[in-house]
Every structure is written in C-alpha cells, then in structure tokens.
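The block underneath contains the structure these notes are about, expressed in structure tokens.
All values below come from the heavy atoms of this structure, side chains included, with hydrogens, waters and symmetry mates left out. Residues: numbered from 1 along the sequence shown. Order of appearance sets the numbers: ligands from 1, and atoms from 1 within every ligand. Computed from a predicted structure; not experimentally measured.
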Amino acid sequence: MVLRTTIYILLFAISMGLNAQEFSKANPKDIALFPQRNEVRELKKISGIWKFKKDAEDKGVEEQWFNGLKDFRSIAVPGSWNEQFTDMKNYRDWVWYETTSFIPERWKDEKVYIRIGEASYAAKVWINGKTVGEHAGGHVPFSFNISPMLNFGAENRITIQVENIFEFGRMPEGGFSSQAIADLDYFPYGGINRDVYLYTVPQKAHIKDITVVPSFKGTKGLMEVIVEQEGDVEQGSITVSGNGHEIDKNIQFVDGLAKISIKIPDVRLWSPEDPYLYNVKVVLGEKEEIDSYSLQTGVRTVSVNENQILLNDKPIFLKGFGKQEDFPLFGRGTNNPVIVTDMELMDWVGANSFRTAYYPFDEEYYNLADKKGFLVIAESPAVGLFGLNDTAQIKSIEGLCNQYMEEMILRDKNHPSIIMWGLANEPMENTRRKEGDTSKEEAYKMFADYMQRAKDLDPTRLVMYLGDSNGPSDWYDVADVICLNRYEGWYKTNGRINEGVQNISNELDQLHTKFKKPCILIEFGAAALPGAHAINPEMFTEDYQVELIRAYMQMAKHKDFISGVMLWNFADFKTTSSIIRMGGYNYKGVFTRDRRPKAAARYLKAEWKSDKE
Ligand code: GCB
C-alpha cells in the first residue's frame with residue numbers, strides 16, 4: 001500500500017515536472033551580433049506563412065497548444081495580425097504562432113539559436129513542446145540557445161505565444177483611457193513583425209559581442225575594439241580593411257574579453273557626403289579558426305558645442321523626418337521594398353536624416369542608412385512616460401526603460417549612421433501632487449539616472465528626449481540637445497500660423513539662453529488630406545501644411561542655435577481612432593501612407609535641394 005502510494009506520488013511529481021512551464025529570460029547579450037553565415041556559422045531564415053490561433057480566453061497553456069495547434073488559420077511572418085485579419089483589427093490579447101523547420105544532422109555538433117526579430121509586446125517560446133524562454137517588450141529581437149530541445153536530422157516544431165496587452169507599468173504604457181485601444185498616437189500593432197532566424201555558432205567557443213569605438217586626429221583614425229566571447233579561447237585576431245589598407249592584429253583574451261586599439265592610416269571618415277565603411281573581421285583561435293564574425297562600420301565622431309551639433313568636428317544641420325514602421329497590409333511588419341523606397345524618397349526630397357519614432361526599427365534601416373549616409377536619431381520605446389507619479393510605478397518603469405535602452409544600444413552600437421539616442425517621448429512629472437508627495441523629485445532622479453546610464457554605456461553618442469510643452473522644461477539639463485515637439489498653428493493657435501510660430505520663436509530663445517545647448521525642432525507639422533486645397537489656406541488642406549512648414553523653417557533659419565528641422569511625419573500613418581484622427585489615420589505625412597508626395601514634399605524638395613546646390 002505504502003509502495004503503491006509512493007509510486008503514485010512519484011508519477012504525479014514526474015507528470016507535474018513534465019508539464020511545468022518554466023521559461024528562462026532572454027539574455028540581451030545574445031542579440032548583440034546579427035546572425036551571419038560564414039565558414040563556421042550557419043543561418044536559416046524561417047519567416048513565411050505560419051499557423052496562427054487566437055487565445056482570447058488564455059487557455060492555450062492549459063490545453064497544451066504547444067504540442068501542436070489545431071483549428072488554426074494562416075498568417076504571414078513578418079506582419080501584424082491587425083492588418084491581416086479583418087476580425088482582429090483591435091485585438092489586444094494572447095495569440096499562438098507555429099511553424100516547423102528541418103534541422104540537419106550536421107548541426108548536432110554546433111550550438112543552435114533561434115532569433116526572433118521582435119514580438120509585440122511579449123512572447124514565450126517552445127520547441128517540440130518543450131519550454132525555451134520568454135521576453136518582454138516589442139521592437140527588439142531576442143534569442144535563445146535551443147540545442148537541448150532539438151531533434152537533429154528531423155522536422156522540429158517551433159511555437160511562439162505572443163500577447164499585446166497594454167497596461168499601467170508596461171512600456172509603452174497603456175490603460176490611461178478607457179476609450180482608446182491605446183494611449184499612443186500610433187497603432188499598437190501586434191504580432192511577430194520581423195524575421196525569425198535559426199543559426200549556429202561553434203560549440204567550443206563563439207564571439208558574443210564586438211564593440212567598435214571610432215575616433216580620429218587629422219588623418220589618423222583609431223578604432224578601440226572590444227571583443228567578448230563565450231568560451232575560453234585565449235588567442236584571436238582582428239583585421240580592419242578599407243581605403244587601400246589592411247591592418248592585422250593579434251588579440252589576447254582575459255576572462256573572455258579582449259581589448260585593442262587599432263590605428264588606421266589615411267583614415268577615410270564616414271559622413272553623409274562620403275558614407276565610407278570599413279570591414280572589421282574578428283577571428284577566435286590562433287592556428288585553427290574556431291569562430292569568426294565580420295561587420296561593417298565607419299570612423300566618425302559626434303559632439304556638441306553651445307549652438308551646434310558636430311560630425312567629425314564640423315557643424316551639421318539635420319533636415320529630415322520623424323518616421324514610423326507602418327504600411328498597409330502588413331502594418332509594422334518588416335518589408336524591404338518599403339525600407340528602400342523610403343530612403344529613395346528621402347533622397348529625392350533632399351533630406352539627410354530621420355528619427356525612429358518611437359522605437360528601435362528593423363536592423364535593415366540602419367544598415368541602409370550606414371551605406372547611404374543618413375543621420376539617424378534612434379529611439380527607445382519609452383514613449384508616453386506619463387505615469388511618473390507614484391513611487392511603485394516609477395520603479396517598475398525605470399526597470400523597463402533601462403532594459404529597452406540597453407537592448408537597443410547593445411544591438412545598434414556599431415552603426416555610424418546613429419548619431420543620437422532618443423530616450424523618451426514626452427516624459428511628464430506629476431502635476432497633481434498632494435502635500436508631502438515626493439514623486440516629482442523621484443521622477444526627475446529616475447529620468448536623470450536613466451539618461452546618464454545611456455551616456456555611460458555609450459559615451460560616443462548624444463542623448464536626447466522629446467520635450468512636450470506641458471512637460472518639465474528643466475529636465476533638458478540632462479540632455480545634450482534640446483528637442484522640441486510643437487504644434488503651434490495646429491493644436492494651439494489653430495489657423496493662426498504666424499502667431500503660433502512667434503510663440504515658439506520666443507520659447508526657443510528662452511530655452512537657449514537658459515541651457516546653452518543646440519536645439520532641434522524635432523516635431524512640427526499639420527494634417528493635410530491628400531488632394532484638399534484652398535486659395536486661402538485652411539486647416540487640413542495641402543496648402544495649409546505647406547504654409548505652416550514654410551513658416552517654421554523660415555523661423556529656424558534665423559536662429560544659429562537650431563541644428564535641425566525634422567518634420568512630423570514622413571508619411572501618413574495608422575493610429576487609434578479618435579475625433580482628431582479621420583478614419584484612424586494621422587495625416588501629418590508629407591507623403592501619403594502609400595508614398596505619394598503631397599504639395600509639402602515638393603516644397604521641401606525645392607528648399608532642401610537648393611540648399612545642397
Ligand atoms: C506629438 C506626439 C506624436 C503625435 C503628434 C501629433 O507631439 O509626439 O506622437 O503623433 O504629436 O500628430 O499629434
């Protein structure tokens with residue numbers, strides 16, 4: 001009897017153990033290097049059409065959907081579910097994705113990873129029904145070692161559970177309004193919006209991270225390179241090639257880290273006029289090549305003085321746009337023709353820069369910007385920090401702000417096109433404080449620490465946040481550049497462009513006198529319904545949009561401390577429904593959502609191209 005009970009207890013414990021859903025957290029270090037294929041590494045893209053199933057009642061785990069989805073429909077990966085399914089436009093809950101992939105026998109001797117380009121806004125992963133790991137936060141990739149769960153020389157099932165719930169204390173934060181489906185002015189697309197890859201790295205040891213910090217003096221360039229490995233190989237080498245030179249250096253690892261300074265003769269600097277890229281190849285191992293990884297990067301510096309932003313010690317002026325990842329049919333899903341077209345259109349209009357509002361974009365944007373010479377302000381998802389008004393919330397938001405900022409810097413640090421990190425959009429302190437409430441001071445401290453942390457992680461770039469007119473202006477203290485979004489002539493002083501522009505002009509003068517930092521007009525614009533015209537410009541016409549942009553740009557020309565004008569927005573984009581968003585779109589685009597030019601695009605082209613000539 002005792003024996004039988006013990007056996008039952010044991011069997012029960014084993015079955016509980018088998019069903020236990022334990023997920024390890026994604027290690028940010030695993031996303032530092034984009035997977036690549038070479039002599040020692042394999043790479044396979046597994047995006048395509050996957051199985052998909054909604055789980056509004058959150059019963060999938062209990063019913064073990066990770067053992068195979070039944071009654072599924074098909075979905076494209078990458079792509080947002082909101083655009084692909086008419087019955088899921090506003091769906092903000094759990095869903096399941098599944099695909100299979102053949103894993104060759106020869107991968108048995110390697111470490112196999114899965115890299116999910118992003119899943120908005122949180123995900124859990126199973127392989128062949130076994131738990132793998134989880135990640136919170138959209139817009140950045142996450143990666144796991146899946147070797148222990150794989151069947152080699154066989155098909156393997158990959159299951160990903162994704163949810164898109166916005167609430168207090170999350171990032172981006174939600175739950176402020178019971179009316180809107182999100183409290184953001186962009187559509188909260190859900191799904192796996194970027195490519196998914198399987199890749200291998202050598203078992204023995206592999207290159208985990210490479211950081212290249214460039215600088216120069218006269219014609220002499222310098223790259224400080226830091227290589228981190230997983231494993232304990234002692235020797236390796238680095239080869240920097242470009243501009244007719246090839247520099248080879250041996251490296252020595254201590255506790256998995258190697259640091260070296262590499263001098264580059266006749267350095268060819270990276271700039272918008274000459275976006276020159278060097279190749280940096282790192283090899284692990286002395287006689288035998290255990291692992292290798294190549295990346296392309298440029299030599300350039302970024303700094304500021306009281307009035308200007310300097311690239312390679314020369315002033316630059318940003319002419320560009322705030323952009324979204326948004327397009328009909330696939331929502332936020334990556335689509336390379338859109339990336340290429342957008343940069344062609346930015347070239348056509350004479351722009352030299354863009355800002356990734358309000359989250360890190362797909363890596364291809366930065367790869368292409370590096371090659372084409374665009375200057376990028378890369379932004380973290382810390383949009384709408386409205387809830388900085390109680391201690392518990394500040395604490396949880398601080399954790400998320402730091403996590404996303406660190407993941408962004410880790411992934412994107414070697415792109416010469418990125419000159420500045422955008423760390424928050426419209427952060428607000430508590431304006432409804434009761435006596436004795438210290439949340440204002442706590443909010444500022446959290447914010448200042450967060451900005452400083454980014455500077456410590458990457459001292460080679462500038463940091464900024466986007467300051468709303470209702471936000472605390474003294475927080476500019478902790479930014480390198482004062483970045484304003486202003487909608488005078490639109491939300492304020494509506495219809496009265498000149499009066500509105502005069503207000504901003506006065507505000508800018510005051511801010512500059514106080515902070516002595518360069519300023520960027522980082523968001524301004526007016527909605528224009530494509531094809532709407534009026535002889536006397538009326539709001540919502542293309543003519544009014546042109547007049548407003550003209551007035552802001554003329555004002556900016558007369559202030560030597562303005563280092564850039566970035567229009568809101570490059571293209572019309574989908575947002576949540578509201579009485580100021582006709583048909584659920586923000587029409588402040590200079591191009592339509594399908595990339596046709598409005599009158600403002602031709603106005604900008606005339607202005608910006610003539611500047612160049
Ligand atoms: C802003 C916000 C942006 C909006 C824009 C607008 O200040 O930063 O999210 O889309 O205004 O068009 O209202």
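Pairs engaging residues 327-338 under the side chain to side chain donor-acceptor pair (under 3.5 Å) rule: R332-Y359, T334-D362 [sequence neighbours left out].
Stacking of K605 on the aromatic ring of W348 is recorded, both the 6.0 Å distance cut-off and the 45° axial limit being met.
Within the 4.0 Å heavy-atom criterion, neither part of R486 lies near ligand 1. Neither the backbone nor the side chain of T575 has a heavy atom within less than 4.0 Å of ligand 1.
The shortest separation from a heavy atom of Y186 to ligand 1 is not under 4.0 Å, leaving the residue out of contact. Note on ligand 1: Y487 sits in its first shell, one or more heavy atoms being nearer than 4.0 Å.
Close approach of ligand 1 to K588 (heavy-atom distance below 4.0 Å) involves ligand atoms 6 (C), 12 (O), 13 (O). Near N425, meaning under 4.0 Å from any of its heavy atoms, are these atoms of ligand 1: 8 (O). Near R581, meaning under 4.0 Å from any of its heavy atoms, are these atoms of ligand 1: 6 (C), 12 (O), 13 (O).
Residue N586 has at least one N or O atom closer than 3.5 Å to an N or O atom of ligand 1.
Under the side chain to side chain donor-acceptor pair (under 3.5 Å) rule, N503 has a single partner from K492, R486, E488, which is E488.
The shortest distance between side-chain heavy atoms of L521 and M566 does not fall below 4.5 Å.
Here F573 and Y585 keep their ring centres 6.0 angstrom or further from each other.
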